[in-house]
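All remarks here apply to the structure that follows.
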Number of protein chains: 2
Amino acid sequence: MMQEQQANDYRTLSSLKNALLALKCFTADEPELGITQIAQALGLSKSTVHRIMTTLAEEGFVRRDEQTHRYRLGLSVLSLSGIIMSNLEIYREGQHLLEEFVSRFDETVHLAVLEDYSTVYVSKLECKHPVKILTHLGKKNPLHCTSSGKTILAFQSDDMIEEVIRRGLPQMTPNTITHAEELKAALENIRTTGYAISRSELREGVHSVAVPVRDYTRQVIGAVTVVGPASRLTDGKMKAIARTLQSIGKEISNRLGYYERRQSIGNPT
Amino acid sequence: MMQEQQANDYRTLSSLKNALLALKCFTADEPELGITQIAQALGLSKSTVHRIMTTLAEEGFVRRDEQTHRYRLGLSVLSLSGIIMSNLEIYREGQHLLEEFVSRFDETVHLAVLEDYSTVYVSKLECKHPVKILTHLGKKNPLHCTSSGKTILAFQSDDMIEEVIRRGLPQMTPNTITHAEELKAALENIRTTGYAISRSELREGVHSVAVPVRDYTRQVIGAVTVVGPASRLTDGKMKAIARTLQSIGKEISNRLGYYERRQSIGNPT
DNA sequence: GGCCGTGTTCCGCATAGAGAAACGCTGACA
DNA sequence: TGTCAGCGTTTCTCTATGCGGAACACGGCC
């Protein structure tokens with residue numbers, strides 16, 4: 001016996017945790033879920049999940065479809081994310097610059113930030129091309145196989161880089177960097193050129209370019225990244241885009257309080 | 001005695017409910033909250049709120065500031081709203097049309113939907129003017145004093161309209177419609193012209209225009225609305241905008257499966 | 001240096017929430 | 001049209017869970 005639950009922290013609420021995990025069951029591909037489905041996913045009883053969903057529905061975090069009696073996310077979460085966005089500095093400062101970029105290049109551009117050991121898109125502006133890449137706001141991606149991830153990682157501490165390597169570099173496509181040394185070389189290269197590129201490293205046929213964004217502490221906290229089909233994002237095009245992105249990245253960084261040092265690279269104080 | 005709590009429904013989780021209410025304490029104006037602040041707002045003990053926040057933080061729904069030990073919303077909610085948006089039909093279908101509008105008129109445009117007895121912004125595209133109106137994604141507004149609210153309400157059932165009146169028409173500015181008859185006349189006018197206008201009815205100096213959006217059931221489920229300072233949104237300008245909005249509204253409605261009837265207004269079946 | 005005011009931890013008791021199982025619906029199938 | 005399997009919902013019972021009060025630790029301010 002004992003508690004079968006995982007290490008029953010006295011400081012957390014298991015019922016709340018279950019509810020949050022239930023919310024996380026919803027994905028872009030599966031936006032509508034039934035009780036049983038969620039119960040199985042979480043290993044909980046149907047009645048428990050039912051109570052969770054009823055409560056979530058009461059507060060507008062999910063919506064019960066009157067026909068199918070299945071659930072989808074509700075508008076309360078929209079409201080919360082609106083609050084985040086209007087207070088996330090990098091978002092506020094970046095938005096217009098990204099809009100300008102899209103109207104000039106007509107390629108989809110994102111703003112990504114570091115969260116734990118992933119990148120998270122905090123802003124996305126779509127191009128008008130019919131060929132779309134499936135990403136969305138809040139989408140998490142690994143650090144080692146995306147241009148935004150590599151850009152951010154390149155400027156983190158050695159400890160952080162080692163930790164990422166220790167956690168493993170899963171192979172997503174034949175192009176994914178899976179060896180530590182190869183990754184380190186790539187990061188070194190990013191530090192010198194100031195931008196990162198991914199050619200089908202996360203998904204076959206999807207290329208991307210990214211540049212770092214720094215805040216007033218001079219730390220790299222995010223990246224501006226353009227993602228698109230390999231057919232459009234050729235090496236030449238990506239280089240051209242990289243130049244523009246670099247000036248956008250610098251502008252956003254400046255607005256976040258970053259000021260460029262005169263010379264003296266790698267000289268603290 | 002008895003339970004002091006409100007009617008202790010056997011089917012809801014009070015701890016979860018408290019957590020959801022805690023999340024809702026965060027607003028655009030107050031994006032960073034302390035334990036005590038939340039505890040007071042909800043009438044709960046500090047220990048309870050602390051446990052709630054710890055759990056929320058573990059799942060990334062809030063973030064604990066290491067310096068101040070206060071909390072702000074986390075990126076997990078962004079992720080959820082990204083999922084909603086990529087699956088909310090009205091959002092998907094409307095986005096590009098709104099972008100086009102902004103690039104032509106350079107005024108901020110929103111997509112609003114009906115939720116309970118409020119409108120909720122599910123999309124917002126900002127203009128580049130320095131004078132901004134403070135709204136954000138997920139922002140709720142009353143039905144009787146916004147152009148989007150009145151547009152939507154105009155096409156709801158009489159029961160719904162009566163219920164809105166019964167719930168009261170709070171005066172927000174000197175211009176707010178506060179009398180039932182006046183509101184009904186305004187709604188009638190909206191039904192004939194096909195668009196609604198608000199001149200400082202919600203906030204002094206803020207004007208707006210809106211048109212309805214219908215889905216395949218022919219019900220009005222939302223509105224496209226332009227919001228801006230009175231100085232720019234003159235009567236003449238609003239009329240011009242209304243015309244464009246109407247074609248956008250129709251286009252979105254069509255994409256949601258609405259097809260226009262030949263003649264026969266108000267003739268069901 | 002004592003004083004608020006935080007956020008955090010501890011603890012014991014009552015109740016809120018977990019699961020098993022019964023219920024009622026709806027849609028598939030023959 | 002009858003049967004059945006699957007769903008979401010409800011009920012019930014028991015105990016682990018999560019509640020509040022109080023103690024603790026920090027930190028900024030007169």
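Predicted model, so just to flag it, every value in this text is computed and none were measured. Side chains included, hydrogens not; waters and symmetry mates left out as well; all remaining heavy atoms used. In what follows, every chain begins at residue 1, and chains take the letters A, B, ... in the order their sequences are listed.
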Between dC26(D) (P) and Glu66(B) (CD): distance, integer Å: 15 Å
Whole angstrom value for the distance that separates P of dG19(C) from CZ of Arg51(A): 8 Å
Pairs flagged by side-chain hydrogen bond (donor to acceptor under 3.5 Å, both in side chains) wherever residues 34-44 of chain B is involved - sequence neighbours left out: Glu30(B)-Gln37(B), Gln37(B)-Arg70(B)
Atom pair distance, as rounded to whole Å: CG in Asn18(A) and C1' in dG18(D): 14 Å
Axial bend angle, the helix from dG1(C)-dC30(D) to dA30(C)-dT1(D): five-pair end segments, nearest 10°: 40°
Arg11(B) side-chain N/O to dT10(D) phosphate OP1/OP2 under 4.0 Å: yes
dG18(D) phosphate, OP1 or OP2, under 4.0 Å from Ser14(A) side-chain N/O: yes
Nearest-angstrom distance from the residue atom CG of Leu13(A) to P of dA16(D): 17 Å
side-chain hydrogen bond (donor to acceptor under 3.5 Å, both in side chains) pairs, two or more places apart, involving residues 41-50 of chain A: Ser45(A)-Ser47(A), Ser45(A)-Thr48(A)
Atom pair distance, as rounded to whole Å: CG in Leu44(B) and P in dT15(C): 17 Å
Qualifying residues under side chain to side chain contact (heavy atoms under 4.5 Å, CB included), relative to Glu59(A), sequence neighbours excluded: Phe61(A), Lys17(B), Leu20(B), Leu21(B), Lys24(B)
Gap between atoms CE and P, on Met53(A) and dT10(D) respectively (whole Å): 15 Å
Short side-chain N/O contact to dT8(C) OP1/OP2 from Thr54(B), under 4.0 Å: no
Arg255(B) atom CZ, neighbour heavy-atom count above 12 within 6.0 Å: yes
Pairs touching residues 79-89 of chain A that satisfy side-chain hydrogen bond (donor to acceptor under 3.5 Å, both in side chains), sequence neighbours left out: Ser81(A)-Ser81(B)
Partners passing side chain to side chain contact (heavy atoms under 4.5 Å, CB included) against Arg167(B) (at least two apart in sequence or in another chain): Tyr117(B), Glu163(B)
Touch class at under 4.0 angstrom, heavy-atom based, for Ser47(B) against every strand present: base
Residue list, ring-ring contact (aromatic ring centres under 6.0 Å, His included) with Tyr121(A), at least two apart or on another chain: His110(A)
Length of the CD-P vector between Glu32(B) and dT6(C), whole Å: 15 Å
Option from Thr119(A), Ile161(A), Thr146(A), Leu114(A) for which side chain to side chain contact (heavy atoms under 4.5 Å, CB included) with Leu153(A) holds: Ile161(A)
For Asn18(A), side chain to side chain contact (heavy atoms under 4.5 Å, CB included) partners two or more places apart: Leu44(A), Ile52(A)
Between dT9(D) (P) and Ile38(A) (CD1): distance, integer Å: 11 Å
Shorter than 3.5 Å, N or O on both sides, protein versus nucleotides 6-8 of chain D: list them out with atom names.
residue	atom	partner	partner atom	Å
dG8(D)	OP1	Ile35(A)	N	2.7
dG8(D)	OP2	Thr36(A)	N	2.8
dG8(D)	OP2	Thr36(A)	OG1	2.3
dG8(D)	N7	Lys46(A)	NZ	3.1
dG8(D)	O6	Lys46(A)	NZ	3.3

